[in-house]
Peer 1: 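Just dropping this structure here.
When reading the values below, keep in mind they use all heavy atoms of this one structure, side chains included, and skip hydrogens, waters and symmetry mates. In what follows, chains are A, B, ... by sequence order, proteins preceding strands, each numbered from 1.
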Number of protein chains: 2
Amino acid sequence: MKRENRIYAEEIKKLLIEKGISPSYQRIRIFDFLTTNRIHPSAEMLYLQLIGEMPTLSRTTVYSTLNLFADKGMLKRIFIEGTLVRFDIDTSDHMHFKCTKCGEVFDIFKSAKKLLPKTEHKVINEEVYLYGICKNCK
Amino acid sequence: MKRENRIYAEEIKKLLIEKGISPSYQRIRIFDFLTTNRIHPSAEMLYLQLIGEMPTLSRTTVYSTLNLFADKGMLKRIFIEGTLVRFDIDTSDHMHFKCTKCGEVFDIFKSAKKLLPKTEHKVINEEVYLYGICKNCK
DNA sequence: TACAAGGTTGTAATTATTACAAAATGCAAA
DNA sequence: TTTGCATTTTGTAATAATTACAACCTTGTA
């Protein structure tokens with residue numbers, strides 16, 4: 001589902017409880033960051049952003065929270081860096097574009113599912129990564 | 001380019017020299033393995049396969065050779081495992097399917113380029129990964 | 001035959017991530 | 001309000017894949 005850009009603490013609390021996740025301060029802040037800053041961050045990027053305002057935050061909390069959210073279907077793991085995991089709060093079917101100049105990752109809101117071919121295998125999941133020069137850099 | 005299944009030592013030598021790579025024994029054996037066994041191996045998989053017949057082979061050689069080949073455009077790096085790099089000797093435009101049951105990786109010979117949408121960004125490269133149950137497992 | 005350039009090897013370092021145990025927190029029952 | 005328990009967070013240590021690097025080998029050439 002696609003979401004409004006910002007969801008405030010109370011709404012995030014409700015949402016987490018709905019998903020069976022107890023709404024700790026850290027989890028709320030991490031979720032808030034993801035809805036506010038749609039930058040498909042890695043765990044490390046998120047940690048570096050939040051550590052300024054949450055000096056006791058640990059990397060382990062960031063990793064475990066992101067994995068928890070992903071396992072509950074609230075986040076998608078994306079692998080547009082090759083080996084590094086980045087996270088996308090938008091779990092709808094869409095593709096990703098990464099600018100090889102500025103490094104920014106953009107969503108491309110076309111369903112890959114409809115475009116891609118039928119095969120002799122049973123396809124359950126699809127990931128499409130596009131690379132090139134973004135509209136801002138060219 | 002797509003290749004015949006097996007290219008023998010002399011042909012591999014020629015090919016490596018053409019690409020500006022000196023044809024050492026290790027490089028020939030690694031290239032031979034890739035053309036003979038089209039299993040999209042990781043560095044580790046390749047190392048484990050070859051160490052039986054080449055007892056002094058080191059992991060470092062496998063990694064550096066695969067990176068050399070990839071940088072010369074003779075191999076494609078594929079990221080269908082998330083965290084692990086695998087290599088494909090077929091550098092033509094095509095997609096990859098991974099069976100989540102048996103782990104095998106298949107080529108899907110459709111050009112993603114033609115199927116995928118135009119965007120406001122300049123797309124130079126595309127990677128498509130499909131996941132599901134393969135024809136053998138279902 | 002000796003030398004230089006380049007290739008291979010093994011070990012150590014690095015990076016991203018997970019495992020784990022101790023400390024902190026929140027909540028419910030007494 | 002305190003006690004106790006379950007859960008969460010934290011920090012450190014471990015792991016996995018990969019790269020850096022220096023020493024050792026090979027090979028071709030003068």
Side-chain angles (χ1 to χ4, degrees), chain A residues 9 12-13 16-17 19-33 40-72 74-87 103 105, chain B residues 9 12-13 15-17 19-33 40-72 74-87 98 103 105:
Chain A
I12 295 175
K13 257 188 199 170
L16 293 178
I17 291 166
K19 296 279 178 179
I21 297 171
S22 84
S24 73
Y25 177 68
Q26 287 83 342
R27 288 168 177 171
I28 291 169
R29 289 298 302 270
I30 288 170
F31 197 89
D32 177 50
F33 183 90
H40 309 82
S42 65
E44 181 68 14
M45 288 163 73
L46 218 160
Y47 172 76
L48 291 175
Q49 291 289 323
L50 290 178
I51 191 68
E53 299 178 1
M54 302 170 68
T56 69
L57 183 66
S58 85
R59 276 189 181 79
T60 302
T61 300
V62 175
Y63 275 100
S64 75
T65 300
L66 290 171
N67 282 331
L68 177 67
F69 289 171
D71 294 343
K72 294 280 183 179
M74 302 167 71
L75 285 182
K76 227 178 190 173
R77 293 182 177 87
I78 63 177
F79 297 95
I80 198 157
E81 298 286 347
T83 100
L84 180 78
V85 185
R86 295 179 67 156
F87 293 88
V105 174
Chain B
I12 294 176
K13 258 189 199 168
L15 187 72
L16 292 178
I17 290 166
K19 296 278 177 180
I21 297 171
S22 84
S24 73
Y25 177 67
Q26 288 83 343
R27 288 168 178 172
I28 291 169
R29 289 298 304 271
I30 289 171
F31 197 88
D32 178 49
F33 183 90
H40 308 82
S42 65
E44 182 68 14
M45 288 163 74
L46 218 159
Y47 172 77
L48 292 174
Q49 292 289 322
L50 291 178
I51 191 68
E53 298 178 2
M54 302 171 69
T56 68
L57 182 67
S58 85
R59 277 190 181 80
T60 301
T61 301
V62 175
Y63 275 101
S64 74
T65 301
L66 289 172
N67 283 330
L68 177 67
F69 289 171
D71 294 344
K72 295 279 184 181
M74 303 167 72
L75 285 183
K76 228 178 189 174
R77 292 182 177 89
I78 64 177
F79 299 96
I80 198 158
E81 298 286 348
T83 100
L84 180 78
V85 185
R86 296 180 67 155
F87 294 87
K98 184 183 180 197
V105 174

Peer 1: CE of A:Met45 versus C1' of C:dT15: gap in Å, rounded?
Peer 2: 16 Å
Peer 1: Counting only side-chain N and O atoms of A:Tyr63, is one of them less than 4.0 Å from OP1 or OP2 of C:dT17?
Peer 2: yes
Peer 1: Rounded to whole angstrom units, what separation is found between the CZ atom of A:Phe79 and the P atom of C:dA16?
Peer 2: 15 Å
Peer 1: Can you tell me if A:Arg59 and A:Tyr63 form a side-chain donor-acceptor pair at under 3.5 Å?
Peer 2: no
Peer 1: Could you report the tightest heavy-atom contact between B:Lys72 and B:Gly20, atom names first, then the distance?
Peer 2: NZ-O, 4.4 Å
Peer 1: Need two values: the first and the last nucleotide of DNA chain D, 5' to 3', having an atom under 4.0 Å from any heavy-atom of chain B.
Peer 2: D:dA17 to D:dC21
Peer 1: What residues, two or more places apart in sequence or in another chain, satisfy salt bridge (charged side-chain N to carboxylate O under 4.0 Å, His left out) together with A:Arg27?
Peer 2: none
Peer 1: So B:Gln26 and B:Leu50, side-chain contact (heavy atoms from CB on, under 4.5 Å) or not? Walk me through it.
Peer 2: CA-CA 10 Å; B:Gln26 288 83 343; B:Leu50 291 178; over 6 Å; no
Peer 1: Which whole-number value in Å describes the distance from A:Gln26 CD to C:dG26 C1'?
Peer 2: 12 Å
Peer 1: Across the strands shown, which category fits A:Ser42 at heavy-atom distances under 4.0 angstrom: base, sugar-phosphate, nothing?
Peer 2: nothing
Peer 1: Specify the separation, in whole Å, of atom CD1 of A:Ile80 and atom P of C:dA16.
Peer 2: 17 Å
Peer 1: Shortest non-hydrogen contact from B:His40 to B:Arg86?
Peer 2: O-NE, 2.6 Å
Peer 1: I need the OH-P distance between B:Tyr47 and C:dT9, as an integer number of Å.
Peer 2: 9 Å
Peer 1: Using whole Å, report how far NZ of A:Lys13 lies from P of C:dG26.
Peer 2: 11 Å
Peer 1: Looking only at non-hydrogen atoms, find the nearest pair between B:Ala43 and B:Val62 and report the distance.
Peer 2: O-CG1, 3.5 Å
Peer 1: Exactly one of B:Leu66, B:Ile12, B:Leu75, B:Leu68 should register a side chain to side chain contact (heavy atoms under 4.5 Å, CB included) with B:Ile30. Which one does?
Peer 2: B:Leu66
Peer 1: Find the distance A:Leu48:CG to C:dA16:P and express it as a whole number of Å.
Peer 2: 10 Å
Peer 1: Taking all heavy atoms of A:Pro23 and all of A:Ile28, pick out the closest pair and write down the distance.
Peer 2: O-CD1, 3.5 Å
Peer 1: Please list residues of residues 51-60 of chain A whose heavy atoms come under 4.0 Å from any atom in DNA chain D, ordered by number; otherwise none.
Peer 2: A:Thr56, A:Leu57, A:Ser58, A:Thr60
Peer 1: Mind checking if B:Ser22 touches a base, just sugar-phosphate, or nothing, with heavy atoms under 4.0 Å?
Peer 2: sugar-phosphate
Peer 1: What contact category does A:Thr61 fall into here, base, sugar-phosphate, or nothing, at under 4.0 angstrom with non-hydrogen atoms?
Peer 2: base
Peer 1: Identify the heavy atoms of B:Ser58 and B:Tyr47 that sit nearest to each other, and give their distance.
Peer 2: C-CE1, 3.9 Å
